[in-house]
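First the structure, in the form of structure tokens, and then the observations on it.
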Amino acid sequence: MIKPLRKAVLPVAGLGTRFLPATKAMAKEMLPIVDRPLIQYSVDEARAAGIELFCMVTGRGKTELVEYFDVAYELETTLRERGKREALQALRDSSTAPGTMVTVRQQVPLGLGHAIWCARAFIGEDPFAIMLPDDLVLSEVPCLKQLADAYYETGGNVVAVVEVPRAQTNRYGVLAIGADDGRLVEVKGLVEKPEPAKAPSTLSIIGRYVLMPSVLRHLANLERGAGGEVQLTDAMARMIGEGPFHGLRFEGHRFDCGDKAGFLEAQIAFALKRPDLGPMVRAFLPRYVAS
Ligand code: G1P
């Protein structure tokens, strides 16, 4: 029997050094794309995929992320009194239902694999999703929903993958590929951040995963990999052969919002999609790009 996918882990302990000084006193996951913080996009996408329970893996100086998902009681009251219905709705949509979000602390920054291992009590014996809020996907069907569908279809691990230029394989977890139907790719091997010449392919993982809880067994020894960190990719590589494991070429465009150019591109792409802003942005953009 395929267990339902109801849980998501959001690793949010990273320092966000690439966005200093903006991230000196704020979490990088709170940086807004148009008017919503990155973390909100992840949670909304997860909800659209049937996720009901969340675990944020936070770190020192990240408490505002916990505040963010709380009910802002005083603000709600003020907005209600002033009849600001739209703002009130936006505020309500941003809080999570009671008891559906927990946090654990990653006390030392030992890598993504370690962050996931810190959520082991939350994960228990259930399949779970991982969402890296830096990766934003603009698509018709929310990216995690596409992954969840692929999980129900295959009954095993599924990671979201994109082709990257060979020169960039050293930024990603990269697949060694088996059978490939153009959409689902059988995962035969996984390497974290291989040098271009050594990469088994150019098909790379982006920050959306659906994994079986057995990954925790492979993380438990906390073995260090690339960059001296406990790598999730290494633990996933050890799961190959245990059950189905696929890469999904999802429909949509992925923006790396951990990168300044990617973040700016996402601002424009998301603004253009918004009925309230799109026409305005479309009208002013040419002024800045005209030769
Ligand atoms: C992490 C993972 C890597 C994955 C990437 C996607 O790397 O370790 O396998 O391809 O996220 O964004 P990071 O970007 O944290 O270095």
Side-chain angles (χ1 to χ4, degrees), residues 8-19 23 27-29 31 38-39 41-42 45 56-59 62 106 108-119 129-138 143-144 147 157-177 185 187 189-196 198-211 215 218-219 222-240 245-250 252-263 265-266:
V9 177
L10 305 167
V12 291
L15 292 176
T17 43
R18 282 194 277 178
F19 278 89
T23 49
K28 66 171 172 160
E29 296 79 10
L31 291 169
L38 284 169
I39 190 80
Y41 286 92
S42 288
E45 186 185 322
M56 283 197 292
V57 183
T58 66
K62 291 280 184 133
Q106 184 184 23
V108 269
L110 295 181
L112 180 59
H114 177 254
I116 301 306
W117 180 77
C118 288
I130 300 172
M131 308 186 74
L132 308 184
D134 277 1
D135 278 328
L136 207 56
V137 181
L138 191 57
C143 184
L144 193 66
L147 243 65
N157 304 292
V158 192
V159 291
V161 293
V162 291
E163 291 287 353
V164 303
R166 186 161 275 277
Q168 292 178 10
T169 56
N170 56 4
R171 299 187 199 170
Y172 299 95
V174 178
L175 271 59
I177 299 170
V185 189
V187 179
L190 286 166
V191 196
E192 179 67 9
K193 301 193 172 74
E195 286 310 318
K198 292 193 177 155
S201 78
T202 51
L203 207 53
S204 305
I205 302 174
I206 65 131
R208 301 287 183 277
Y209 310 70
V210 174
L211 297 180
V215 73
H218 300 290
L219 284 170
L222 300 181
E223 203 175 292
R224 308 294 179 96
E229 296 191 336
V230 181
Q231 295 293 352
L232 177 63
T233 303
D234 295 346
M236 293 193 302
R238 286 183 222 119
M239 295 170 87
I240 296 168
F245 202 145
H246 293 88
L248 174 72
R249 288 194 186 87
F250 58 96
H253 187 86
R254 169 255 184 181
F255 300 90
D256 176 6
C257 294
D259 170 79
K260 284 172 194 132
F263 180 74
E265 194 184 345

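Numbering of ligands and ligand atoms starts at 1, following listing order. This chain uses plain numbering: 1 for the first residue, then up along the sequence.
A donor-acceptor pair is defined here as one N or O able to donate and one able to accept, closer than 3.5 Å; no such pair exists between the side chain of Lys62 and the backbone of Val57.
Listed by chain and number, Leu112, Leu132, Asp135, Tyr172, Gly173, Glu192, Lys193, Ile205, Ile206, Gly207, Tyr209, Gln231, Thr233 each place a non-hydrogen atom less than 4.0 angstrom from ligand 1.
Partners of Arg238 under the salt bridge (Lys or Arg N to Asp or Glu O under 4.0 Å) rule, at least two apart in sequence or in another chain, are Glu223.
Of all the heavy atoms in Tyr172 and Ser204, the pair that sits closest is CB-CB, 3.5 Å. Contact between Pro194 and Pro200 at its shortest, heavy atoms only, is CG-CD, 4.5 Å. Between Cys143 and Arg208, the shortest heavy-atom contact is SG-CG, 3.9 Å.
Side-chain contact check for Arg18 versus Asp259: some heavy-atom pair is nearer than 4.5 Å.
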